[in-house]
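Data block below; observations after.
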There are 2 protein chains.
Amino acid sequence: MPVVEAVEEKVCRSYRSPVTDRPVRTDGRRRVGIVDVARRAGVSVGTVSKALNGRGQLRDETRARVQAVAHELGFVPSAVAASLLTGRTYTVGLIMTDHHGRFSLPVLHGAEDALGWGETLALVCDTRDDPIREQHYVRSLIRRRVDGIIVAGRRTDPRPPLGGRPPVPVVYAFARSSDAADCSVVVNEEAGAREAVEHLIRTGRRRIAHVTGPRGHASVRTRVDGTRHALHEAGLELVGEPWYGGWSEVWGRFAAAALTRSHPDVDAVFCGSDAIARGVADGLRECGRRVPDDVALVGVDNWQPTAEGCRPPLTSVDLNLQEVGRTAGALLLRAIEYGAAPGIHTVPCRLVVRASSAPASG
Amino acid sequence: MPVVEAVEEKVCRSYRSPVTDRPVRTDGRRRVGIVDVARRAGVSVGTVSKALNGRGQLRDETRARVQAVAHELGFVPSAVAASLLTGRTYTVGLIMTDHHGRFSLPVLHGAEDALGWGETLALVCDTRDDPIREQHYVRSLIRRRVDGIIVAGRRTDPRPPLGGRPPVPVVYAFARSSDAADCSVVVNEEAGAREAVEHLIRTGRRRIAHVTGPRGHASVRTRVDGTRHALHEAGLELVGEPWYGGWSEVWGRFAAAALTRSHPDVDAVFCGSDAIARGVADGLRECGRRVPDDVALVGVDNWQPTAEGCRPPLTSVDLNLQEVGRTAGALLLRAIEYGAAPGIHTVPCRLVVRASSAPASG
DNA sequence: GTGAAAGCGCTAACAA
DNA sequence: TTGTTAGCGCTTTCAC
């Protein structure tokens, strides 16, 4: 008796779950499996598997015939079944913590690049910065046997590591883990700030101020350090103290007014974010200063809508988040295949020069 | 001979795949399976399954003991194995086409709500609006046996349906499918525009202009229609023709200048987007018009950074994208369990009133 | 070069 | 109430 019929007999006493538990096939057809292909091609399932995966020793003619039949039948092999056997799902979890996605999305895009465009896919979870939800999602991911997890932060302050001791590699992106034994990918913000200020100095500015966000943020401290460092190297001093405030345009406008009053000779402002810089640009203009003729401006984030809506368009430090995601994805794949590479991996920033920092006309 | 030992024997001749094909467990421990729990609790695997899933008839004491053991051993059941059996993966695909995520992200968030916070997870694919990539991702999703697919558009123009005839339900969100037999969730933009204009009329405006985006966009046409409709109902006419242009602030600024020149008596502008509205706000101010005292302003998108950075903060039509996502998620779940609900499902907009449309001081 | 068969880890029918 | 067993759809070893 041919094997395929024996298989068919077995199927008769098949598993029947409640109807609602089976996904509805929109086309009504039964899903074609490897058995169907085997039967149609007149070979065994083992041969089909080998033919389709390019493994084993097969006659070219057989391989071709099987492939043709598979294509004709519209056979799409089940990754679920393969996973059960190989232990890999070619799926990773991506945990994002920022609701608006300004930081996580570029990270996701970069990760997608590294994960090979569908080779490995990302299960995306938005925790809205809630640890309970995060825990919940991690469990969900582990149940689904993801091969690894990327955690995309929304601030650069170190964050506590994922709870529940996930049994798969984890890479932290943008916000590093507070545990040094974890693997994190961060942006070199200090260097970014330095580059921004060096650019201002190189284009002839000497009286440089710094308007930035809330004191408590690691980013703010790091950028202040970078700024001071660059100025110091050039034998200059910051004009006044750093102006700490919010991340908003309103704060930028306010700061610009205060700044022109207290330091009328300022000829450049390095801002902690593009939003702040936009506010400063508007504020300066309303105080009668021309940008960039009288005062040059550099922001941070290089966030298209803000940087290009600004008048004039804003020179900005790009945080290279896509590269962060790419690195995180690559590190995760490496960790999955060859074991974890703990430590903090740093990605450089990139200064994008636009009109707001053109050399002074004078 | 006890059963568990027989099981153990079987395991000896177990499958061995190349090392690199097995995910690395960060903790080195072997993954604990249902068999381990069964052995430790002194029951059979069937009993463990029933105990953990709350099914079947079990003594309370047994159920409790099994649960305790499972917890103690840190057992996390494999959704992969369960999927193979039940045919459901509790995973859906989410295809986004807009790189920046301004439209897709809120849709994702809404979908997450509907998908029950991890009950069902989303495999997110960013096609960058490339049909080849889209096709590729769809195949990837089908291989992984997702239960369904949500396609989040980036424009409201109807889009061609997903290629490859996916054998699972598909719901189109924001951009509807051009095939009426598909299931789509869209925003009622016409009503949104009408509401915006009615709001302006209600607050005493009579000379209303419309500055909007490129002629080719469905959104633009729909919003023009809504605007005209609302004005007509109030016995009014649009001031001049609609001003078609880009979606940018620059265009808004330019249009404001032109508008005040050609129609100096204009007392309100309904703009096709928040970016345009911001540009118009700046442009008007620079032409000596006060917002909202002389001219009221309403935008579309209610995009936080733009709407709240605007001076004054911008009244805006919120496209309710999160609700679109929620509806899409709910419809998809329904389609998965009970069969598709084809047709176009409409979600209303929501006017968010801020300072830019306060009643005229006069 | 190809076929047969043993599972991957779980669920549910059925037997005890 | 609990145990036994047959698969879900695939991959790989091993025998032919």
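From a predicted model like this one, the values you see are computed outputs, not experimental measurements. Within every chain, numbering begins at 1; the chains are lettered A, B, ... in the order of the sequence lines, protein sequences first and strands thereafter. Scope of the values below: all heavy atoms of this structure, side chains included, with no hydrogens, waters or symmetry mates.
In this model, the phosphate group of D/dC8 is not approached by any side-chain N or O of A/S78 to a distance below 4.0 Å at OP1 or OP2.
Put simply, the side chain of A/D36 never gets that close to the backbone of A/V32: no donor and acceptor are under 3.5 Å apart. With hydrogens and angles ignored, the 3.5 Å screen pairs no side-chain donor or acceptor of B/D113 with any backbone N or O of B/R326. One N or O on the side chain of A/T97 and one on the backbone of A/A152 form a donor-acceptor pair closer than 3.5 Å.
The side chain of B/R55 lies closest to C/dA12 when the candidates are C/dA12, D/dC10, C/dC10. The nucleotide whose nearest atom lies closest to any side-chain atom of A/A82 is, among D/dG3, C/dG9, D/dC10, D/dC10. The side chain of B/R59 sits closest to D/dT2 out of D/dG3, D/dT11, D/dT2.
Ranked by how close their nearest DNA chain D nucleotide is to the 5' end, A/T47 and A/V80 are led by A/V80. Heavy-atom distances to DNA chain D give each of B/R145 and B/G42 a nearest nucleotide, and the one nearer the 5′ end belongs to B/G42. Where A/Q57 and A/V45 meet DNA chain C, the nucleotide closest to each residue was compared, and A/Q57 sits on the side nearer the 5' end.
Whole-Å rounding puts the A/I34 CD1 to C/dG3 P distance at 12 Å. Separating the CZ atom of B/F75 from the C1' atom of C/dC10 is a distance of 8 Å, rounded to the nearest angstrom. Nucleotide D/dT2 holds its P atom 16 Å from the CG atom of B/N53, rounded to whole Å. Counting to the nearest Å, the C1' atom of D/dT12 and the CG atom of A/L52 are 15 Å from each other. Rounded to an integer number of Å, the gap from CZ of A/R39 to P of C/dA4 is 14 Å. In this structure, A/E61 places its CD atom 8 Å from P of C/dT2, rounding to the nearest Å. Note: CG (B/L84) to P (D/dT11) measures 12 Å, nearest angstrom. Residue A/L85 contributes atom CG, which lies 9 Å from atom P of C/dC8 at whole-angstrom precision.
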**Request:** Kindly determine whether B/V168 and B/I336 satisfy side-chain contact (heavy atoms from CB on, under 4.5 Å), including the steps that lead there.
**Result:** CA-CA 8 Å; B/V168 292; B/I336 291 166; over 6 Å; no
**Prompt:** Does the side-chain contact (heavy atoms from CB on, under 4.5 Å) test come out yes or no for A/M96 and A/D98, once each step is laid out?
**Reply:** CA-CA 6 Å; A/M96 36 187 286; A/D98 61 332; 4.1 Å; yes
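Using a 4.0 Å heavy-atom cutoff across all strands shown, A/S49 reaches at least one base atom of the nucleic acid. Using a 4.0 Å heavy-atom criterion, one finds that B/S83 contacts no nucleic acid atom at all. Residue contacts for A/G46: at a heavy-atom cut-off of 4.0 Å it reaches a base atom on one of the strands shown.
Side-chain N/O atoms of B/K50 and base N/O atoms of D/dG3 include a donor-acceptor pair closer than 3.5 Å.
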